[in-house]
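Following: one structure in C-alpha cells, then a few remarks.
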Amino acid sequence: IEYKIDGVAIALVWENGTLVRAATRGNGAVGDDVTSNARVIAGVPLRLNTDKPPASLEVRGEVVILNEEFSAFQAAQVKAGEEPFKNPRNAAAGALKLLDPKLARERKLRFLAHGVGYVAGITWTSYGDFLKSIRDLGVPTTPDVSQANGFEELMRVCTEMIARVPELSFEVDGLVIKLDSLADRDQLG
C-alpha cells in the first residue's frame, strides 16, 4: 500500500547507468521530453549508484514540490506581484516545461518513484524487491510504503495511512494497493 502522490507523472530512463531520457505523459499517447529539467530534480541520480548497472532501466514516478517549499514559492510570487500557482502539481508541471533548467531548479522539484517500465539486465520477484533495489541504486521512492496480509490487515493499514495524510510533506489523493508478487501481477494481467 502506498500513497498516491498528486504530482506530475514522469518516466526516467537510464542506459548502462546513465540518465539519458525523461518524459512526461503528455497527451496520453506522446509525452514531452523533459530530460534537461529532469537532470536538476533533487535526488534524481545522473548516474546509478552501482558498478554493474542494468543495460536499461525505466522508472516511473511523480515529480512534486514539497508543501513547505511550495508555500515559500507562492509567497515569493505574491511579493513579486505575480499570480501565485494554485497548487504544487501545477507549479511542478510548469517547471518541467521551462526552457531554462536553472529556472526549473528554483522550484525545488523532487522525484518519487512508484513503478517500473522497460528493463533489461535486472529482475525482481516482488514490488518490495524493486523498491529496495532502486533505492540502493540511488533512486528515491514513495515514502512509507506498507505491506499487509489479508483483508482485515489491509483495511487497518489503509486506515492508519489515511490518518497520516495531513502530516505528509507532499500532496496525495488517496492510496494505491498493489500485489507484491510480480508473478501474481503478470498472471492476473
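Below, all heavy atoms of this structure are taken into account, side chains as well, without hydrogens, waters or symmetry copies.
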Problem - salt bridge (Lys or Arg N to Asp or Glu O under 4.0 Å) between Glu160 and Arg156, intermediate numbers included - result: CA-CA 6 Å; Glu160 291 169 1; Arg156 181 186 55 76; 2.9 Å; yes
Practice task
Could you tell me whether Arg21 and Glu15 have a side-chain N and a carboxylate O separated by less than 4.0 Å?
Solution key: yes
To the nearest 0.5 angstrom, please state how far the [atom1] atom of [X] sits from the [atom2] atom of [Y].
{"X": "Phe111", "Y": "Ile10", "atom1": "CZ", "atom2": "CD1", "answer": "7.0 Å"}
{"X": "Glu171", "Y": "Leu66", "atom1": "CD", "atom2": "CG", "answer": "10.5 Å"}
{"X": "Thr142", "Y": "His114", "atom1": "OG1", "atom2": "NE2", "answer": "6.0 Å"}
{"X": "Asn87", "Y": "Gln74", "atom1": "CG", "atom2": "CD", "answer": "8.5 Å"}
{"X": "Ile5", "Y": "Leu112", "atom1": "CD1", "atom2": "CG", "answer": "4.0 Å"}
{"X": "Arg164", "Y": "Thr159", "atom1": "CZ", "atom2": "OG1", "answer": "11.0 Å"}

Identify the two heavy atoms, one from [X] and one from [Y], that lie closest to each other, and give their separation to 0.1 Å.
{"X": "Pro166", "Y": "Ala163", "answer": "CD-O, 3.4 Å"}
{"X": "Arg60", "Y": "Ala11", "answer": "CG-CB, 4.1 Å"}
{"X": "Gly43", "Y": "Pro140", "answer": "O-CD, 3.3 Å"}
{"X": "Ala113", "Y": "Ile134", "answer": "CB-CD1, 3.6 Å"}
{"X": "Met161", "Y": "Ser146", "answer": "SD-OG, 3.7 Å"}
{"X": "Pro45", "Y": "Leu48", "answer": "CG-CD2, 4.3 Å"}

Would you say that more than 12 heavy atoms from the other residues, nucleotides or ligands in this model lie under 6.0 Å from the [atom1] of [X], or not?
{"X": "Arg25", "atom1": "CZ", "answer": "no"}
{"X": "Glu82", "atom1": "CD", "answer": "yes"}
{"X": "Asn149", "atom1": "CG", "answer": "no"}
{"X": "Leu188", "atom1": "CG", "answer": "yes"}
{"X": "Glu68", "atom1": "CD", "answer": "no"}

Kindly say whether [Y] contributes a backbone atom to a donor-acceptor pair with the side chain of [X] at under 3.5 angstrom?
{"X": "Gln77", "Y": "Phe85", "answer": "yes"}
{"X": "Thr24", "Y": "Asp32", "answer": "yes"}
{"X": "Glu62", "Y": "Asp6", "answer": "no"}
{"X": "Trp124", "Y": "Lys132", "answer": "no"}
{"X": "Thr18", "Y": "Arg47", "answer": "no"}

Are [X] and [Y] connected in the hydrophobic side-chain network, where two residues link if heavy atoms are under 4.5 Å apart?
{"X": "Phe130", "Y": "Trp14", "answer": "yes"}
{"X": "Leu46", "Y": "Leu12", "answer": "yes"}
{"X": "Leu179", "Y": "Tyr127", "answer": "no"}
{"X": "Val59", "Y": "Val64", "answer": "no"}
{"X": "Val116", "Y": "Leu182", "answer": "yes"}

Problem - Asp180-Gln147 side chain donor-acceptor pair, cut-off 3.5 Å - result: yes
Any side-chain heavy-atom pair from [X] and [Y] closer than 4.5 angstrom?
{"X": "Pro88", "Y": "Phe73", "result": "no"}
{"X": "Leu154", "Y": "Cys158", "result": "yes"}
{"X": "Leu137", "Y": "Leu57", "result": "yes"}

Exercise for the section: Using the side chain to side chain contact (heavy atoms under 4.5 Å, CB included) rule, pick out the option among Leu168, Val145, Ile162, Val176 that qualifies with Tyr3. Expected result: Leu168
Practice task
Apply ring pair (Phe, Tyr, Trp, His ring centres under 6.0 Å) to Phe170 and list each qualifying residue two or more places apart in sequence or on a separate chain.
Solution key: none
Exercise answer: donor-acceptor pairs, residues 33-42 side-chain atoms, under 3.5 Å, sequence neighbours excluded:
{"residue": "Asp33", "atom": "OD1", "partner": "Thr35", "partner atom": "N", "Å": "2.9"}
{"residue": "Asp33", "atom": "OD1", "partner": "Thr35", "partner atom": "OG1", "Å": "2.7"}
{"residue": "Thr35", "atom": "OG1", "partner": "Ala22", "partner atom": "N", "Å": "2.9"}
{"residue": "Asn37", "atom": "ND2", "partner": "Ala95", "partner atom": "O", "Å": "3.2"}
{"residue": "Asn37", "atom": "ND2", "partner": "Leu96", "partner atom": "O", "Å": "2.9"}
{"residue": "Asn37", "atom": "ND2", "partner": "Leu98", "partner atom": "O", "Å": "2.8"}
{"residue": "Arg39", "atom": "NH1", "partner": "Leu19", "partner atom": "O", "Å": "3.3"}

Handout entry: Pairs involving residues 94-110, ordered by first then second residue, that meet side chain to side chain donor-acceptor pair (under 3.5 Å) (sequence neighbours left out)
Key = Glu69-Arg110
